[in-house]
Each structure stands twice: as C-alpha cells, then as structure tokens.
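See below for the structure under consideration.
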Amino acid sequence: MPELPEVETIVRGLDSELRGKKVKSLVFLSTHLKKKRAYSTLDPAAYRGLKIERIRRRGKLIIMSFQWQKGLIIHLKMTGQLLLTGSEQPVDKHTHAVMRFFGIKKELRFRDIRKFGLISCLPMNKIEEKILSSLGPEPLEIELTEFYRRLKAHSKKRVKSWLLDQKIIAGIGNIYSDEILFQAGINPERPAGSLSLEESQKLFVAMKSVLRKAIKFKGSSISDYVDSSGQSGKYQKLHQVYGRENQLCKRCQQEKIKRKKIGGRSSFYCPSCQT
DNA sequence: AGCCCATCCTGTCCGC
DNA sequence: TGCGGACAGGATGGGC
C-alpha cells in the first residue's frame, strides 16, 4: 500500500502521539506474524515496560526505537495499516498485533488484509545493520551527483524499475514512480543510463517535488490507505497519470494515457509527452 | 546484469 | 445472481 509519502505521514502521527510513552504490552495475534518472527531475535513480551524513544521512517520501513537499544521494524507492504484506536473499539479479523501503553487509552493496532506485512523484533544494532545493507539513499536527501552516478551504475535497467529498486533508492513505489516520470517527461522504458545529464536533472527535480508535495497532502488514498488516525490522504486528487488509462493526457490534451506492464507492474504514461 | 514469472494473501471488480 | 479470472500501493527468489 504505502510508499514514502504515506509512511512518512503515518510516522509523523505516531511519533507525536507515542514518543515517550511506556509499553504495557505487545501481543501478536496471528500465527503468520509469529512465523515471520524468523526475522526477529527478540520476543514481543520483552517490550513491556520500555519507553518509546522515537518512531521514524527509512524508505518504506517504520522504525520504532525503545529503551535499552531495543527496536521494531514494521513493513506495511500492500495493505498494512497502523491505527491508533480506542481500546474499546472492536478488534476485527485483519488485526494481527496490538501494542498497549501505560497512561493512555489508545492502543496501536497493526491491520493487514493480505498479510504481506511484517514486524521484526530486533536490537537496534541489528536494525541499523539491516537498513544499511538493504536500502539505498533517501530520495529527499540524495544529491544530484550521487543520483546521476547511480543511474550510470545500473545503466541497462529500465528507468521505471530503477526508481522502484529499493537498493538503488529507497521509498518510491508504483504510483509515485509513474507520477515522477510523467512530471519529468521521461518514458518509463528508457534505460537508466541513456538519460542525458539534463534529463537526469529533470528526473531528480521531479522526484523531489512529487514526493514533497505528496507528503504535504498526506499521501494518496487509492484503495484502503489511511494514516494512524484513520484519515485519508489527498494527493490522489493531484495524480497526473496513475490510474488514468485511456483518458486524455493532462499535459498535451492530445494523446490518451497508455497502460503497460513494466517489470510486472502496471505502468501509466503518455506516449507523446514521455520520450 | 536484468528480465520474467511465481509466490506470499484477501478482497474487489469486470465480463459472461 | 453466480462464477472465474484478473488485478491490487511490495518484495523475494529462481531460472534464463
């Protein structure tokens, strides 16, 4: 479900509500999460009594750090949600984990219809290690020279797949890659290394501006994305290409938006504006 | 190196 | 109205 802007929105809400709170309990309700605990070295019960130091984002990962260098990594994958809910609200069948706190009525619930999401219980040093080894730089922090270097380092890869590769750059998913390429006027099937310096710069600027604006609008709610308070995002209203198959291009008003599978993902683009 | 495909799941939507 | 198939914001691993 969520890409960088959605995860950023969730994390900002959670950090402001939960930083400094002390955990009363962490419980996994579903066996699939416990099995995926293969990635974990700590027991959920070990978090009782620990104060939350910070909740932050890295790529699409949510990282919660606690006292005594303990941490959690949460990946929402396609349909995961983190919801701050009154404890009196009924728990539905898609809720797979619950964290309760001392001193507040609300609890944190992990919902996930398709069960792709995961929660790993790890010491912070293992988390740092994992992040360093598996994720590329942040799109909102990377500089142009490094961006350009990375385009050339994977020059045969199609630029759409390049944007989606978390090891190259972390946090962009299927919606925002299409929106970024549209804004940059670049065809998604161009090999990454074929972009001129000027085109690379256009892509770089488009990436930053699309993501910043999407964060400002609290992400895109396409099917079931909501933030931790249950609010929908508003950026879907500003989408220029994603989901607009056969509709007139908003830029040239001539061509119809095309839909094509690229790297197994539905991709939307204007064949005339994106070259 | 990089492509394609299947896989992990559940829900929805579309055509017949 | 029912049924089957395709599809969905992600990531991984195998085969070519």
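A note on names: the letters A, B, ... follow the listed sequences, proteins ahead of strands, and every chain is numbered from 1.
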Which part of the nucleic acid does [X] contact within heavy-atom distance under 4.0 Å: base, sugar-phosphate only, or nothing?
X        : value
A:Gly264 : nothing
A:Tyr242 : sugar-phosphate
A:Ile222 : base
A:Gly117 : nothing
A:Ser177 : nothing
A:Lys261 : sugar-phosphate

Expressed as a whole number of angstroms, how long is the span from [X]:[atom1] to [N]:[atom2]?
X        : N      : atom1 : atom2 : result
A:Gln236 : C:dA8  : CD    : P     : 18 Å
A:Phe116 : B:dC9  : CZ    : C1'   : 5 Å
A:Lys60  : C:dA11 : NZ    : C1'   : 8 Å
A:His154 : B:dC3  : NE2   : P     : 12 Å
A:Lys77  : B:dT7  : NZ    : P     : 17 Å
A:Ile262 : B:dC4  : CD1   : P     : 9 Å
A:Ile168 : C:dA11 : CD1   : C1'   : 14 Å
A:His96  : B:dC8  : NE2   : P     : 17 Å

Is there a side-chain contact between [X] and the phosphate of [N], meaning an N or O under 4.0 Å from OP1 or OP2?
X        : N      : result
A:Arg111 : B:dT10 : no
A:Lys115 : B:dT7  : no
A:Lys157 : B:dA1  : no
A:His94  : B:dC9  : no
A:His75  : C:dA11 : yes

Residues A:Glu6 and A:Tyr176: side-chain donor-acceptor under 3.5 angstrom: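 Per modelled atom types, A:Glu6 and A:Tyr176 side chains form a pair under 3.5 Å.
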
Of B:dT10, C:dA8, C:dA11, the nucleotide closest to the side chain of A:Ile113 is B:dT10

query: Nearest to the side chain of A:Gln166, which nucleotide is it out of B:dG2, B:dT10, C:dA11?
result: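 Nucleotide nearest to A:Gln166's side chain: C:dA11.
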
If you measure from the P atom in B:dC5 to the same atom in C:dA6, how many Å do you get, rounded?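 That atom pair is separated by 13 Å.
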
Worksheet item: Distance between the C1' atoms of B:dC9 and C:dG2, in whole angstroms?
Response: 23 Å

Using side-chain heavy atoms (C-beta onward) and a distance below 4.5 Å, is A:Arg150 in contact with A:Ile169?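 They are not in side-chain contact.
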
| Smallest separation among heavy atoms of A:Gln67 and A:Glu53, with atom names |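 Heavy-atom minimum between the residues: CA-OE2, 3.9 Å.
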
B:dC9 - base-pair partner by Watson-Crick or wobble geometry, distances under 3.5 Å: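 Its partner: none found.
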
By nearest-nucleotide position on DNA chain C, the 5'-leaning member of A:Arg114 and A:Ser134 is A:Arg114

Assess whether a salt bridge exists between [X] and [Y], defined as any Lys/Arg side-chain N lying under 4.0 Å from an Asp/Glu carboxylate O.
X        : Y        : value
A:Lys202 : A:Glu199 : no
A:Asp92  : A:Arg111 : yes
A:Glu88  : A:Lys105 : no

